[in-house]
Amino acid sequence: MHKTILLTGGTGFLGSHLLGEILRTGEYRVIVLKRKTSSMAKILKVCPDAREQALFFELDGEDSIARLFGEHKIDIIIHTATEYGRGGMMPSAVLGSNLIFPLTLIEQGLRQGLELFVNTDSYFNKPNQSYTTLLDYSLSKKSLNLWLEYLSARCKVVNLRLEHLYGDFDSPGKFCESVIRSVAIRKEKSVSLTSGEQKRDFVFVDDVCGAYMAVLRNYESYYFSYQTCDVGTGTAVPVRDFVSYVKECSCSPTELRFGDIPYRDDEMMISVADSQFLRNWGFEAKTGYRQGIEKIIGRYTKEGCLQ
């Protein structure tokens, strides 16, 4: 009998790619938790038959989560939904999305024998790091991890800490996507940037999905309660190199104005994954940043538009 996965954030960038990867295995029953207002566009782009292959459960009222767990036995929760708190959102709203919501899910799941909760975290939430630009987000996610570690006495918890995720059809406001659209697609006259000396572990979305699949394949075979795992390539690349290759790969005339934007006071100058734990479970990042850029630009060029 197939295990049932509850996926949050399935209509988003990472979630839609992950949903497609899980459905392709044919090994799981998948329920996607979504809001009524959430667009299905990204999911249908990645997985056109998603409506037939997965169950979409809409959040509708305060009792909808309890109703979901009353109607379905959930074995695994994969939590990719997140709220960054941009646009003047109140801290209480960020906490509601990033802390109260996942805690409500895990509480309901534990009542019926939840086996595994997989959380999605970010590289700038590493210990001893500060990221004041998204402080509300960072504080809410760190609080969630404290609770998840506590609750791991009752079910297994894996916290996947993603390095600099990128891929085709990400949100336009994300750094990599913004650079690719501005330089390679629109070929703008110039783009203002920092000096670009900070180093990031750019990890392609297909490889990130591979990390989640490694967890699903192995969690029953190993003894653990709570485990944080870095997800990346293990190589730190200067931002300048990433952006410069976008220009080179697309033969763009865009002027890259490195140094126009000052670093933040708390700029993280290097971040790189230590993925040893996941490598023991068979995970391997296969896409270097140059190959990833080529894939994205190739697809955008082939399709001739961005939607």
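Keep in mind that this is a model prediction, so the values were computed, not measured. Positions are given from 1 along the sequence.
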Clusters formed by hydrophobic residues whose side-chain heavy atoms approach within less than 4.5 Å: which one holds Met269, and what are its other members? Tyr263
Of Phe13, Phe242, Phe175, the one forming a ring pair (Phe, Tyr, Trp, His ring centres under 6.0 Å) with Tyr166 is Phe242
Is the shortest heavy-atom distance from the side chain of Val205 to the side chain of Leu14 under 4.5 Å? yes
In the structure I gave you, are the side-chain heavy atoms of Cys155 and Ile106 within less than 4.5 Å of one another anywhere? yes
Side chains of Ser122 and Tyr137, donor plus acceptor under 3.5 Å: yes
Is any side-chain N of the basic residue among Arg299 and Asp168 closer than 4.0 Å to the acidic one's carboxylate O? yes
Note, Tyr222 side chain near Phe224 side chain (heavy atom, < 4.5 Å): yes
Quick one, Asn98 and Leu144 - any side-chain contact, counting heavy atoms below 4.5 Å? no
For the pair Lys142 and Glu149, evaluate salt bridge (Lys or Arg N to Asp or Glu O under 4.0 Å) and give the outcome as yes or no after the intermediate values. CA-CA 11 Å; Lys142 287 180 178 179; Glu149 189 167 5; over 6 Å; no
Can you find a side-chain donor-acceptor pair between Ser275 and Arg279 that sits under 3.5 Å? no
If you count every heavy atom of other residues, nucleotides or ligands that lies below 6.0 Å from Arg24 atom CZ, does the total exceed 12? yes
On a heavy-atom basis, the closest approach of Ile180 and Ile296 is CD1-CD1, 3.8 Å
Can you confirm if the NZ or CZ of Lys156 lies within 45° of the ring axis of Tyr226 and under 6.0 Å from the centre of its six-membered ring? no
If hydrophobic residues (ILVMFWY) are linked whenever their side-chain heavy atoms come closer than 4.5 Å, directly or via other members, who joins Val46 in its cluster? none
Could you identify which residues cluster with Met89, counting Ile, Leu, Val, Met, Phe, Trp and Tyr as linked when any side-chain heavy atoms lie under 4.5 Å apart, either directly or through a chain of such contacts? Val94
Taking the six-membered ring for Trp, is the centroid-to-centroid distance between His164 and Phe202 below 6.0 Å? yes
